[in-house]
Each structure stands twice: as structure tokens, then as C-alpha cells.
Chemist: 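Pasting in a structure now, in C-alpha cells, and then I'll have a few things to ask.
On a predicted model such as this, the values are computed, not experimentally measured, just so you know. Read the numbers this way: they start at 1 and go in the same order the structure lists the ligands and their atoms.
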Amino acid sequence: MTALSIERANQFIEEKEGTLDKTFYPAYHFAAPIGWINDPNGFSYYKDQYHLFYQYNPYDSVWGPMHWGRAVSPDGIDWSHLPVALAPDQPYDKGGCFSGSALAHDGKLYLMYTGHLPAEDGRPLRQNQNIAYSEDGIHFEKYAKNPVLDEKDVPEGSSVEDFRDPKMFKHEDYFYAVIGSRTIDDKGQVLLYRSENMLDWEYVSVVFQNNPYLGTMVECPDFMEVDGKAVFMLSAMNYTDKETDVFYPHITWFVEGEMDWDTQTFRMTHIKELDKGMDFYAPQSFSNEGETTMIAWMQGWNNTIASDTLKHGWAGQMTLPRKLFYEDGILKQRVIPTFEQGLHTIREEKQITVDGELMLTEKAPKYAMMQIHVADLTEMLQVRLGEETKERILLNIDGANRELSLDRAQTAYPIKDRDGKAFDKTRRLSFADKKELLIQIYYDTSSVEVIVNNEESLTMTYYTSEPLQYWSIISDVPCVLHNLKIAE
Ligand code: FRU
């Protein structure tokens with residue numbers, strides 16, 4: 001086998017272009033030109049464009065040798081694919097260029113990424129951190145003195161095998177990087193490093209100490225200030241909810257707290273799962289002109305993906321970029337406004353009563369945004385995409401139990417988990433403390449993102465044999481909806 005390189009990857013992508021089966025390919029969510037993607041990396045805004053890198057195996061629709069794929073967009077919605085930015089072509093990253101981040105400095109775009117070194121020739125598995133930079137934002141040169149952080153820089157008591165996913169940011173006179181880690185007795189934690197010039201890095205602290213929410217390992221930590229408040233966004237492995245005894249192999253947290261720059265430690269004050277869907281992991285953010293924008297991998301580990309099972313040549317996609325902000329002291333999210341600006345409204349009702357079944361559209365748009373506003377719901381209200389007796393997706397808004405759930409059980413290609421069991425039973429989003437619900441549904445060929453009160457969300461993928469026609473809203477008792485809107 002020829003060695004892995006950027007040239008080889010780009011040539012492969014060019015040769016295979018046009019061979020994809022696009023049945024499930026998203027109309028407006030980001031997906032790769034071919035092959036497998038996972039985490040967003042280096043999500044940034046640089047020279048008036050959104051930049052997205054991503055964990056990428058161009059050669060197959062399953063996880064494999066990790067490259068960094070690359071795309072740019074003027075508005076965060078329309079992406080153009082650019083040549084692959086990084087390939088695992090060095091002795092220090094030959095097991096893969098794992099996740100990392102980007103930061104502009106001195107007219108250059110810097111990348112920091114994890115070099116993965118599998119166990120080999122009697123040497124155990126190791127992970128290290130590396131720098132690459134670019135002046136044109138297209139061609140990246142790996143720093144000659146890589147790795148910039150390796151096992152010697154890991155504090156005592158922390159694993160040298162699981163040391164990955166640096167997220168850089170600037171604070172006062174230093175560049176910092178938070179890095180995912182675990183203690184040697186398997187407790188998740190986050191490490192902090194700093195540099196004056198982006199090239200020479202030093203260990204600072206265990207910035208976020210282990211606590212039960214951090215599971216056995218933290219992946220993709222991201223530290224940011226949203227409207228002046230310190231927030232950690234991170235993904236944790238093997239978390240068990242002690243109250244319900246539910247085990248989550250992967251979970252994504254948004255943690256609010258206080259950053260003490262004297263002791264270089266973060267103290268958690270509040271934690272929540274921003275997305276309670278089945279396909280949301282490894283989100284990453286950037287800040288630009290005081291605004292924070294995030295994007296996540298719209299997929300979960302270890303679940304089947306129909307575009308892979310059916311050999312369509314691609315797998316994995318990203319959520320829509322979402323803005324994070326505070327309103328009345330609550331951390332909120334909303335899809336970036338450029339998305340809606342590009343749509344036109346096909347139905348709008350200031351107020352409408354649903355009594356039985358209300359048909360919304362008979363010919364579903366290829367993609368759409370739908371919004372409803374409902375107050376004082378006491379019964380079940382159901383949004384159904386698809387016909388009653390055919391493939392369908394249901395959004396159940398359960399007024400009696402005060403919870404929302406998405407149901408993808410009735411689709412042609414059910415998603416299975418690693419044990420081969422159907423992974424269709426949705427998780428639930430409680431709205432016990434809310435009187436009013438503003439529900440926004442972003443519908444695409446193989447995904448739905450539901451955002452509730454600009455606060456929490458349910459994100460999932462699905463695979464049907466045909467686009468879902470006939471959309472309706474169903475209620476057994478008269479139910480008043482406000483501000484109904486469908487745009488495509
Ligand atoms: C998270 C993750 C990262 C790692 C990458 C490998 O989804 O496991 O921790 O860097 O994916 O592709």
C-alpha cells in the first residue's frame with residue numbers, strides 16, 4: 001500500500017467524485033465529498049469566511065486513518081470543499097491526525113491536533129499534540145519541531161495514552177489549549193497548557209478536575225466565554241447517571257462555572273445536556289466579534305449508518321452551525337440566522353386550531369424549517385412527517401407528562417447500536433418547568449434538528465426509502481397553535 005499523504009487523498013477524492021449514491025445525502029447540512037467524517041475540527045472564522053476541518057477517512061465510509069478534511073463557507077451553510085489539510089504522514093502522527101482546533105495569529109492560521117501512535121514494536125499506545133500552519137488557509141505545513149507536547153508534558157497520575165483533542169484560545173498575554181484526558185484510574189479530566197508564540201507549549205494545570213459527569217475520559221473539551229461567562233463544552237465517555245442508573249457510552253455536556261485564572265482552575269456551577277437527541281457529539285465553537293458559534297458531529301459512535309451499510313460511499317454529517325448566547329441568565333442556542341434568510345415561507349398562520357389532524361403540506365419540501373408556538377399544553381400534540389401508515393417520523397409533544405421525544409422507529413433502514421439492537425427509541429426532553437413552547441424543526445434528507453425555546457434540542461438522523469410527504473399536526477382535543485411557519 002502506498003504511504004498515506006495529502007496528494008494521495010486528494011487524488012483519490014478526485015477520481016471517485018461522482019460515484020456517491022446521494023439518496024441520503026443532506027441538502028444543506030455539511031457532509032464529506034466522499035468517505036467517512038466524524039468530529040468538526042478547527043471550526044473558525046478567518047478572512048471573512050467560516051472554516052471547517054473535520055476528522056476524515058476519505059478511503060471508506062467507516063472510521064479509519066484520520067486525515068483532516070477541509071471546507072469553507074461565506075455564510076456557514078453553503079460549503080465548498082477544499083483539498084485535504086492534514087494526512088497522517090509523519091512518524092509522530094502515523095496512527096492518525098486526531099481532533100484539534102484552529103486559531104489565527106500573525107496573519108497565519110494555526111492548527112493544533114493530536115498525533116495518534118498505536119502500540120507498536122513493544123511500545124505502548126501514545127498520543128501527542130502537534131502544530132501546523134498556513135498563510136493561504138489552504139496549504140498547511142507541519143511544524144518541524146513537532147510534537148509540541150508529548151508524554152513528558154502529561155502531569156503525574158494522568159494517562160499518556162488518552163491525551164487528545166486540543167482546543168486553543170487566547171486569554172490576555174497567552175495562547176492556551178485545553179486537552180481531553182483521564183486519570184490513570186479512569187476518571188475524566190481536562191488539562192490546560194499555554195504558549196506565548198503558539199509553538200512552545202508548557203503544562204499549566206488540571207483545569208477541570210474529575211467529577212462524576214466527566215465519566216472515564218473527556219473528549220473534545222472546549223473552553224469559551226459566552227457573553228462574558230465561562231463555559232466548558234465537552235464530550236464524556238462512559239457516564240452513568242446515578243439517579244436513573246442509565247449508562248451513556250458518550251454524552252455531551254455544557255458546563256457553566258467560574259474560571260479562576262490565579263489558580264488556573266475551573267469551578268463548575270451548573271451542568272446540562274444541550275442536546276438530548278441521538279446524534280450529537282464532539283461540538284466545537286469559535287468566537288468572533290463577541291459572538292459564539294458552534295457545530296457538532298450529527299452522529300453517534302457505534303451506531304449503524306445506512307449510507308455505509310448500503311455502500312453509498314459516504315457517512316456522517318454535521319449539525320447546522322448554532323449561535324450560543326445568554327438570555328435572562330440562561331445559556332441558549334439558535335441556528336445561525338443566515339440559514340433562514342436563504343429560505344422562503346410557504347405557509348404561515350398567526351393562529352390556528354388543531355382539532356384532529358391538520359394537514360400542513362402534501363408535498364414535503366426537500367428541506368425545510370418549521371416552527372410552532374404552543375402554550376398551556378395538557379394533552380398530546382404530535383407532529384408527523386410522513387403518512388400514518390407509511391414511513392414516518394414523529395415529534396411527540398406530551399403535555400401530560402411534560403416531555404418531548406422524537407421517534408424514528410417507522411423508517412425503512414432502522415439504526416442499530418453496537419449490539420445489533422434497534423437504536424430507535426428516542427431520549428426525552430423534559431419541559432416540566434415551561435408553560436410555553438417555541439419549537440423549531442430543521443428537516444433535511446436524513447436528519448432532523450428540533451430546537452425548543454432556543455434552549456435545548458433534539459438532534460437525530462434517520463433513513464427512509466423516500467422523502468417524507470404529507471406533514472401534519474395531530475391533536476385529539478382542540479389545541480391552539482401560534483406563529484405556525486413553514487419555510488423551504
Ligand atoms: C471523538 C474522538 C476524539 C478523537 C477523534 C478520533 O469523537 O474520539 O477524541 O480525537 O474522535 O477520530
Chemist: Within the 4.0 Å heavy-atom shell around Met66, which atoms of ligand 1 are there?
Modeler: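 Here the atoms of ligand 1 in question are 12 (O).
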Chemist: Looking only at non-hydrogen atoms, find the nearest pair between Lys142 and Asn146 and report the distance.
Modeler: CB-ND2, 3.9 Å
Chemist: Considering only non-hydrogen protein atoms, determine which one is nearest to atom 8 (O) of ligand 1 and report residue, atom name and distance to 0.1 Å.
Modeler: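 The answer is Glu219 OE2, 2.8 Å.
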Chemist: Under 4.0 Å from a heavy atom of Phe98: give me the atoms of ligand 1 that qualify, with their elements.
Modeler: 4 (C), 6 (C), 10 (O)
Chemist: Return yes or no for this condition: an N or O of Asp39 is under 3.5 Å from an N or O of ligand 1.
Modeler: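 Between Asp39 and ligand 1, an N or O pair is found under 3.5 Å apart.
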Chemist: Could you tell me which non-hydrogen atom of Ala306 sits nearest to which non-hydrogen atom of Tyr463, and how far apart they are?
Modeler: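 Smallest heavy-atom distance, with atoms named: CB-CG, 3.4 Å.
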Chemist: Side chain or backbone of Asn38 under 4.0 Å from ligand 1, or both, or neither, by non-hydrogen atoms?
Modeler: side chain
Chemist: Would Asp165 count as a polar contact of ligand 1, with the cut-off being nitrogen or oxygen pairs under 3.5 Å?
Modeler: yes
Chemist: How far apart are the C-alpha atoms of Lys94 and Glu120, what are their side-chain angles, what is the distance that settles it, and do they pass the salt bridge (Lys or Arg N to Asp or Glu O under 4.0 Å) test?
Modeler: CA-CA 11 Å; Lys94 62 180 171 193; Glu120 201 179 56; 2.9 Å; yes
Chemist: I'd like to check which ligand 1 atoms, numbered from 1 as shown, lie under 4.0 Å from a non-hydrogen atom of Gln55.
Modeler: 5 (C), 6 (C), 12 (O)
Chemist: Atom CG of residue position Asp245 - does it have more than 12 heavy atoms of other residues, nucleotides or ligands inside 6.0 Å?
Modeler: no
Chemist: Which ligand 1 atoms are under 4.0 Å away from a heavy-atom of Tyr281?
Modeler: 1 (C), 7 (O)
Chemist: Quick one: does Ser5's side chain have a donor or acceptor within less than 3.5 Å of a partner on Arg8's backbone?
Modeler: yes
Chemist: Please determine which of Trp261, Phe223, Tyr193 meets the ring pair (Phe, Tyr, Trp, His ring centres under 6.0 Å) test together with Tyr176.
Modeler: Trp261
